[in-house]
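Inspection log for the structure reproduced underneath, given as structure tokens.
The model shown is predicted, which means the values in this text are computed figures rather than measured ones. Positions are given from 1 along the sequence.
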Amino acid sequence: MTVAMNNETILNRPRSGALKWDLIGIIVIVVCAALGYVLFPDNLALLTRILAVALLVLSLDLVTGYCGVATLGHAALFGSGAYAAGILSAHFGINNPFLMTFGGIIAGAIAGLFCAVIMLRAHGLPQLVLSIALIYLFHEFANKASSWTGGSDGLAGIMPGPVFGLYEFDLFGHTAYFFGVALLLIVFVLLRILVRSPFGLLCRGIKEDPLRIRAMGASPKTALVKMYVISGAVAGTGGALSAISTQVVALDALSFTQSAEALVMLVLGGTGSLFGAIAGTLIFMLFEDYVSAANPFHWLTMVGALLIAVVLFAPKGIYGTAVTRFSRRGEGSQ
């Protein structure tokens with residue numbers, strides 16, 4: 001009953017209100033991108049890296065925040081997209097950035113399907129262990145296939161061509177940055193549509209009460225597999241952006257650390273919210289960059305202190321807690 005009422009409430013929201021939040025999200029992303037370009041013109045590589053990781057965290061939010069699937073191996077999808085885009089350029093001479101990105105999307109989706117078929121056979125802690133096993137499996141496969149991936153030396157020789165044949169990927173990272181902003185905007189809009197669709201509401205219902213969803217005649221496993229494939233496509237987009245912008249793919253793209261940090265960023269911003277996923281990525285990566293430069297020996301301590309403070313005092317994440325408090329104030333003033 002609770003799931004049905006929640007879904008009905010969401011469906012009855014005015015479309016104009018949803019469009020308003022979509023427009024606000026787009027404006028915020030554009031404004032932050034413009035501020036980043038103005039305030040950090042010499043550090044566009046970091047900002048582009050943030051954009052790529054934000055796509056990874058968004059993809060993780062789809063399966064963890066909206067579907068309730070526990071995973072610590074989501075970097076497998078990100079790394080698959082990165083290697084696919086890099087291999088297309090380095091081995092096949094396909095240097096068009098759009099084709100490279102499309103290759104990353106397809107590879108990420110295929111990796112997502114593979115991971116979903118294995119992971120969704122278990123639940124809870126066994127599911128988490130399977131995700132860890134998968135990330136190590138992908139990592140080791142990339143390491144052994146050194147003739148294609150470069151192994152521990154990394155995949156080099158990636159040379160993306162100019163965007164639309166006009167804007168080359170320069171050393172200062174201007175083209176890569178704007179290319180990444182465009183990708184994030186497109187993905188954000190598409191995911192906003194997805195999570196508000198009947199399919200998105202179905203996935204939320206599965207997270208809250210899968211037994212009731214099954215009793216209603218829907219197949220939770222089928223829906224979760226579909227969402228995992230979509231999540232893989234989004235993560236693959238981020239991986240492709242990383243390969244195009246850095247022009248090298250290292251095994252770190254398939255590391256357990258990458259997966260764990262993505263989950264930390266999601267929790268930091270707030271699960272089950274696209275805005276929270278982006279906010280958590282931005283806050284974590286900027287904070288990490290700042291404290292590591294300010295104190296190279298004890299920066300991990302400061303990052304740990306930030307995470308402990310957020311978990312204790314903002315259990316819904318920074319964005320999620322802020323939204324909750326503002327909504328309570330709004331209700332109190334009425």
Test Phe178 against Tyr167 for ring-ring contact (aromatic ring centres under 6.0 Å, His included), laying out the working first.
CA-CA 10 Å; Phe178 288 114; Tyr167 307 102; 9.2 Å; no
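Within the 4.5 Å cutoff, side-chain heavy atoms of Met302 are placed close to those of Asn295. Using a 4.5 Å heavy-atom threshold, the side chains of Phe287 and Leu306 count as touching. Side-chain atoms of Thr64 and Leu266, non-hydrogen and from C-beta on, do get closer than 4.5 Å to each other. Two residues are said to be in side-chain contact when any heavy atoms from C-beta on lie closer than 4.5 Å; Leu201 and Tyr66 fail this criterion. Put simply, the side chain of Leu251 does not reach to within 4.5 Å of the side chain of Phe138, judged on heavy atoms.
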Less than 3.5 Å apart, which donor and acceptor atoms pair up between the side chains of residues 52-60 and the rest of the protein, not counting sequence neighbours?
unit_1 : atom_1 : unit_2 : atom_2 : d
Ser59  : OG     : Leu56  : O      : 2.5
Ser59  : OG     : His74  : NE2    : 3.4

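Linking Ile, Leu, Val, Met, Phe, Trp and Tyr whenever their side-chain heavy atoms come within less than 4.5 Å leaves Ile106 and Phe78 in two separate clusters.
Here Val38 is tied to no hydrophobic group at all, with no ILVMFWY side chain closer than 4.5 Å. Applying the 4.5 Å side-chain rule to ILVMFWY residues, one finds Leu190 in the same cluster as Ile186. Applying the under-4.5 Å side-chain rule to Ile, Leu, Val, Met, Phe, Trp and Tyr, the cluster around Phe172 consists of that residue alone.
With sequence neighbours left out, Phe164 forms a ring-ring contact (aromatic ring centres under 6.0 Å, His included) with Phe98. Partners of Tyr319 under the ring-ring contact (aromatic ring centres under 6.0 Å, His included) rule, at least two apart in sequence or in another chain, are Phe275.
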